[in-house]
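This report concerns only the one structure given below.
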Amino acid sequence: MKLKTLLERVEIQKRIGSIDEELDIPHISNDSREIGEGDIFVAMKGVLVDGHDYIEEAIKRGAALIVCDHEVSIDVPRIVVENPRMALADLACAFYGDPSKEMKVYGVTATNGKTSTAYMMRDIFKAAGFEVGVIGTVEVQYKDVSIPSILTTPESIHLQKHLRNMADSGVEVVVMEVSSSAQELYRSRGIDYDIVSFNNISVEHLEQHGTFENYFRFKSRLIRHADKETAVILNIDAPLIENLKDKTEGQVFTAGAEKDALIGVSDIDISSGFPKFIYSVKDDHKAGKWSLKKLDLPIELQVTGFHTVLNAMVAISFGLLVGVEPSIIQKALYNFRGVERRFELIYNKEYMIIDDHYANVKNIAVTLETLCRMDYKNLHLLYAIRGGRGAELNRENAEETVKWMPKLPLKDFIATKSVEVVSSKDVVTDKELEAFLSEMEKAGHSVPVIDSLKEAIDAILPKVEPGDVLLLAGCQGMDHAAKYIWQMLADSSSGDERAHWLKKIDERIC
């Protein structure tokens with residue numbers, strides 16, 4: 001693409017050097033290692049590194065133009081912009097031809113449940129006959145392509161490339177998780193959304209945003225910046241989300257399990273772990289070009305957890321707004337088998353093993369509330385202490401866990417640092433470990449901590465008896481637990497059963 005066309009999309013403060021606008025630009029990147037002859041290098045300041053320190057490396061690799069936020073002494077032409085992240089997003093949209101405008105894009109934001117909601121939506125739209133792509137925490141997935149995710153919402157240049165590939169391969173609908181980080185750092189800038197939702201909010205990512213107020217401000221950009229053609233689904237059970245009704249130009253549809261909203265759920269039964277409930281639209285409602293008809297729709301799910309009801313409430317609303325038949329939605333959700341590590345039932349024979357992300361206070365509360373509502377004998381809890389997120393988060397998570405412990409038939413509780421599987425950024429620090437242990441001790445609980453995840457599983461699994469539940473709880477430190485357990489099951493079986501467990505290991509993304 002001609003450099004002139006690209007630069008028309010960028011707010012330039014200063015041009016330095018002889019810039020040939022007729023150049024054909026083969027590639028754009030903010031990573032100097034990806035730069036080749038004739039490319040544009042965008043120098044961005046990050047938390048750990050400053051891209052301006054890598055300008056010389058980008059030049060050595062052949063960069064034809066540098067985008068930066070201050071003047072630098074180099075021989076290569078450069079442009080100075082106020083915010084290189086915004087510039088990268090604008091360049092990316094132009095370079096890949098605004099692919100989001102060629103498809104229907106549905107954006108989901110929430111502290112918890114984005115991934116499960118997105119995959120429910122994927123299955124609903126697939127069942128309705130649409131070609132669907134997903135961009136989120138687990139993977140970028142469309143057609144026969146599956147790329148494991150590094151970021152919930154990819155960097156803008158990679159995001160636009162994924163969208164272009166989707167559009168060119170015939171994808172009609174894109175379901176996209178939109179993180180607070182993506183909105184703060186302009187990764188999702190320039191996306192043309194058709195429907196967006198804000199499902200829930202609780203404290204998270206303070207290590208990046210600094211305060212909860214900042215976190216909510218960035219999280220809510222998806223709603224506040226929606227245009228008048230966009231449908232907006234708001235779960236008004238959360239007062240902060242309810243207050244966004246008057247702060248968006250989008251066409252609002254309210255939802256809630258607790259408050260009087262247009263969309264609601266009732267008659268919830270999760271005694272078996274598998275929810276049944278009624279999804280309701282209370283009255284006919286039209287907003288702009290979008291409309292919903294009065295409806296009572298019985299729903300049965302084959303995935304566990306109370307939170308799946310709330311995720312399904314939002315996913316159903318997306319489907320109905322697009323015009324998917326209620327019967328198709330019912331069938332799609334009945335056939336939905338969940339998402340990795342989101343209250344995932346990984347074993348269900350003489351006892352249950354449930355694998356859950358258990359990331360923050362809200363997530364923990366919903367997980368343990370579900371276990372309080374289920375029928376089983378004893379609970380065995382294996383918890384991976386969360387590393388690299390600070391002592392305060394670990395203290396809050398421990399406090400929330402302690403609140404629920406008297407309500408649960410808790411028989412065993414073991415914690416692990418998962419030292420053999422976590423990356424350097426997820427290592428449990430001494431302060432994080434101390435925060436967890438001090439809250440447990442304060443509540444009168446002595447919780448053994450085993451360094452190795454595998455050794456922790458070996459310690460707790462033999463204690464699980466028929467009729468019990470084992471909860472594998474934790475974020476990155478618990479990612480490999482299911483594979484460990486399935487490998488144990490494969491090693492102790494033969495024939496078709498062994499092949500079954502090995503296939504599950506092979507298909508695992510995390």
Side-chain angles (χ1 to χ4, degrees), residues 100 103-143 145-146 149 152-153 159 162-163 166 171-179 182 188 191-200 222-223 226 230-235 250-251 253 255 263 265 275 277 279 281 290 292 295 297 299-303 305 307-344 509:
S100 68
M103 301 172 286
K104 301 296 182 184
V105 181
Y106 306 134
V108 179
T109 201
T111 302
N112 298 301
K114 294 187 297 296
T115 303
S116 295
T117 304
Y119 278 87
M120 286 180 176
M121 291 165 58
R122 179 199 66 175
D123 286 7
I124 287 170
F125 290 119
K126 278 191 171 183
F130 293 98
E131 192 66 58
V132 186
V134 176
I135 297 173
T137 305
V138 176
E139 61 184 334
V140 174
Q141 188 271 321
Y142 59 99
K143 296 278 181 122
V145 175
S146 177
S149 295
T152 295
T153 311
L159 175 59
H162 290 316
L163 290 171
M166 288 181 180
V171 168
E172 301 164 285
V173 167
V174 178
V175 180
M176 181 174 157
E177 297 179 51
V178 188
S179 67
S188 54
I191 300 294
D192 184 18
Y193 298 103
D194 294 87
I195 308 175
V196 295
S197 73
F198 199 156
N199 301 12
N200 55 68
L222 183 67
I223 307 303
T230 303
V232 174
I233 302 168
L234 298 178
N235 183 350
Q251 306 301 320
F253 293 79
I263 298 159
V265 289
F277 62 96
Y279 169 94
V281 179
W290 305 96
L292 289 176
L295 176 70
L297 186 65
I299 298 293
E300 289 187 41
L301 299 174
Q302 297 300 300
V303 288
H307 59 290
T308 61
V309 175
L310 306 179
N311 296 334
M313 176 180 71
V314 175
I316 295 166
S317 302
F318 272 92
L320 291 174
L321 281 169
V322 175
V324 179
E325 288 295 325
S327 59
I328 293 176
I329 293 173
Q330 283 178 311
K331 185 175 181 180
L333 289 181
Y334 185 80
N335 291 331
F336 177 69
R337 288 300 179 265
V339 181
E340 288 185 7
R341 311 236 42 243
R342 270 59 177 183
F343 210 85
E344 179 188 10
I509 296 173

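Using modelled atom types, no side-chain atom of Thr230 and backbone atom of Gly250 make a donor-acceptor pair closer than 3.5 Å. Judged purely by atom type and a 3.5 angstrom limit, Thr153 uses its side chain to pair as donor or acceptor with the backbone of Glu177. For Glu139 (side chain) and Ser146 (main-chain N/O), no donor-acceptor pair under 3.5 Å exists by modelled atom type. Ser197 places no side-chain N or O within 3.5 Å of a backbone atom of Ile233 that could act as its donor or acceptor partner. With Glu131 contributing its side chain and Glu172 its backbone, the two residues share no donor-acceptor pair below 3.5 Å. For the pair Asn200 (side chain) and Thr111 (backbone), a donor-acceptor distance under 3.5 Å is present.
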Step by step, would you call Gln302 with Phe336 a side-chain contact (heavy atoms from CB on, under 4.5 Å)?
CA-CA 7 Å; Gln302 297 300 300; Phe336 177 69; over 6 Å; no
Could you go through the side-chain contact (heavy atoms from CB on, under 4.5 Å) check for Asn235 and Met313 one step at a time?
CA-CA 9 Å; Asn235 183 350; Met313 176 180 71; 4.1 Å; yes
Can Val322 and Ile124 be said to form a side-chain contact (heavy atoms from CB on, under 4.5 Å), step by step?
CA-CA 11 Å; Val322 175; Ile124 287 170; over 6 Å; no
Set out, in order, the CA-CA distance, both residues' side-chain angles and the distance that settles side chain to side chain donor-acceptor pair (under 3.5 Å) for Ser317 and Tyr279, then state yes or no.
CA-CA 9 Å; Ser317 302; Tyr279 169 94; 2.9 Å; yes
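No side-chain heavy atom of Val232 sits under 4.5 Å from any side-chain heavy atom of Gln251. Between Met166 and Val140 there is a side-chain heavy-atom pair separated by less than 4.5 Å. Using a 4.5 Å heavy-atom cutoff, the side chains of Phe125 and Val324 are in contact.
Note that the CG atom of Leu301 and the CE atom of Met120 stand 5.5 Å from one another [nearest 0.5 Å].
Within the structure, every pair that satisfies the salt bridge (Lys or Arg N to Asp or Glu O under 4.0 Å) test and touches residues 103-128, not counting sequence neighbours, is listed here: Lys104-Asp194.
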